[in-house]
Amino acid sequence: MLSTELCKLLQIKHPILQGGMAWVATAELAAAVSEAGGLGIIGAGNAPGEVVRQQIIKAKGLTNKPFGVNVYYLSPFVEEVIKVILEEGVRVITTGAGNPGKHIPYLKEKGIKVIPVVSSVALAKRMERTGADALIAEGMECGGHTGELTTMALLPQVVDAVKIPVLAAGGVADGRQLAAILCLGAQGVQMGTRFICATECIAHENYKQAVLKAKDRDTFLTGYNGHFVRVLKNKLTQEYKRLIKEGAGDEELENLGVGRLRAAVVDGDTEMGSLMAGQVAAMVQKIQPAQEIIEEITGEAIKVLQQRSRSSFKGEEM
Ligand SMILES: Cc1cc2nc3c(=O)[nH]c(=O)nc-3n(C[C@H](O)[C@H](O)[C@H](O)COP(=O)(O)O)c2cc1C
C-alpha cells in the first residue's frame with residue numbers, strides 16, 4: 001500500500017484526491033472515489049449554496065467515508081457555499097481559481113482541513129503562512145484553469161518552499177506518473193482528467209468519448225483576463241482563434257465561454273461545448289469504475305518504485 005503523511009492527515013487509504021471539477025465532480029463521482037479509499041471532492045463551481053447542499057446530502061447517502069468540497073473562488077456564491085459546508089459538517093475543502101486567505105483562519109477554527117490549489121511558489125508560501133493544512137501544486141498540463149508552470153518545474157520548488165504536505169496536480173494519469181511525483185517530494189496527487197472517464201462520473205457520454213479519442217496534441221489553451229483554460233480542440237476553440245485573430249477584447253472572449261462547460265458536460269455538445277481536459281487525456285484508454293482506476297494507478301506506482309529501488313544504479317559501472 002502507498003501510504004503517505006497525507007493519508008494520515010485526511011484519514012484516507014490511498015494518497016489520491018479526485019479534482020473538484022465544476023459540473024463534472026458531482027456527489028456520485030466523489031462518493032465512488034471516497035468509497036475506493038481516495039478523497040472524493042464535490043466541485044461547487046458556480047453553483048449556489050443550496051445546490052451544493054443537495055450534492056453534499058446525496059454524497060452522505062452514498063458513502064460513510066470522508067469527502068471534500070472544492071470552493072471555486074471566481075464564483076459569486078463563495079460565501080454561501082462556505083456557510084453550507086460548515087452547516088453540513090464537511091471536513092475538507094480544496095480551493096481553486098483564487099486566494100482563499102481571508103477564509104482560512106475561520107475555517108481552521110471550525111476544524112476544517114483547507115487545501116488550496118497553488119500555481120506559484122509565492123502563493124504557496126502565503127497559503128502556508130495563512131494556515132493551510134496542505135497544498136496542491138497544479139501544473140499547466142492540467143485540464144481546466146491553469147497557471148504558467150509545468151508540474152515538473154513547479155512541484156519540487158513548492159516542496160522546497162513549505163513544510164506542510166504538498167500534492168501534485170496536472171499531468172498524472174497512471175502509476176508511473178504517480179511514482180514520479182512522489183519522487184519529487186509530493187505526498188499525493190489530485191487527478192481530474194482521468195476521473196472524467198470514471199463509470200460513476202455523470203459527464204455526458206459524448207464528453208467521455210472525446211477524452212478517450214484525444215491524442216497527445218489535442219488540447220488547447222484559451223485565455224483572457226489573465227485566466228487560462230485547457231480544453232480539447234473543437235469548433236469552439238476554432239471560433240476562439242478566429243476572434244483572437246480579429247482582435248477581439250476580453251469581454252467578447254469571455255462571452256464566448258459563457259455556459260460552455262455545462263453544454264459539454266450536461267448536453268454532450270462536443271462542438272461548441274468547453275471540453276476541459278488535460279494533456280494526459282490521450283492516456284485515458286477506457287471508462288472504468290473509480291475503484292479500478294485507483295487500484296490500477298496505486299498498484300503500478302508501487303511496482304515502479306519497487307523496481308527502481310531494486311535496480312542498482314552502480315556509479316562505477318555507468
Ligand atoms: C472539467 C474540469 C473542470 C475543472 N474544474 C475545476 C474547478 O471547478 N475547481 C478547481 O479547483 N479545479 C478544477 N479543475 C482542475 C482539477 O480539479 C484538477 O486539479 C486537474 O484536472 C488535475 O490535472 P489533470 O487534468 O491533468 O488530471 C477542473 C478540471 C477539469 C478537467
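Every number for a ligand or one of its atoms is a count from 1 in the order of the listing. Side-chain atoms are counted along with the backbone in the values below, which use heavy atoms only and exclude waters and symmetry mates. For this chain, numbers begin at 1 and follow the sequence in order.
- For atom 3 (C) of ligand 1, the closest heavy atom belonging to the protein is Met21 CB, 3.4 Å.
- Atom 29 (C) of ligand 1 has Gly143 O, 3.3 Å as its closest protein atom, hydrogens excluded (heavy atom only).
- Close N/O approach between Glu138 and ligand 1 is found [any backbone or side-chain N/O within under 3.5 Å].
- Using a 4.0 Å cut-off between heavy atoms, Thr193 contacts ligand 1 through both its backbone and its side chain.
- Under 4.0 Å from ligand 1, the heavy atoms of Tyr207 that appear belong solely to its side chain.
- Nearest protein heavy-atom contact of atom 31 (C) of ligand 1 is Met276 O, 3.6 Å.
- Atom 27 (O) of ligand 1 has Gly192 N, 2.8 Å as its closest protein atom, hydrogens excluded (heavy atom only).
- Looking only at atom types and distance, the side chain of Gln288 has a donor-acceptor partner in the side chain of Arg194 under 3.5 Å away.
- The only option from Leu154, Val162, Leu135 that meets the side-chain contact (heavy atoms from CB on, under 4.5 Å) definition with Val118 turns out to be Leu135.
- If you look at His103 and Tyr73, their ring centroids are closer than 6.0 Å.
- Ranking the protein heavy atoms by distance from atom 13 (C) of ligand 1 puts Gly20 O, 4.0 Å first.
- The Asn70 neighbourhood of ligand 1 comprises atoms 7 (C), 8 (O), 9 (N), 10 (C), 11 (O), with distances under 4.0 Å to a heavy atom of that residue.
- Residue contacts with ligand 1: Gly171 is placed with a nitrogen or oxygen under 3.5 Å of a nitrogen or oxygen of the ligand (distance criterion only).
- At least one N or O atom of Ala22, backbone or side chain, sits closer than 3.5 Å to an N or O atom of ligand 1.
- The salt bridge (Lys or Arg N to Asp or Glu O under 4.0 Å) test applied to Glu251 returns no partner, not counting sequence neighbours.
- Near Gly96, meaning under 4.0 Å from one of its heavy atoms, ligand 1 places the atoms 11 (O).
- Glu128 places a side-chain N or O within 3.5 Å of a backbone atom of Lys163 that can act as its donor or acceptor partner.
- Taking any N or O of Gly170, backbone or side chain, at least one lies under 3.5 Å from an N or O belonging to ligand 1.
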Go through the steps for Glu79 and Lys83 under the test salt bridge (Lys or Arg N to Asp or Glu O under 4.0 Å), then give the verdict. CA-CA 6 Å; Glu79 299 298 334; Lys83 189 167 163 274; over 6 Å; no
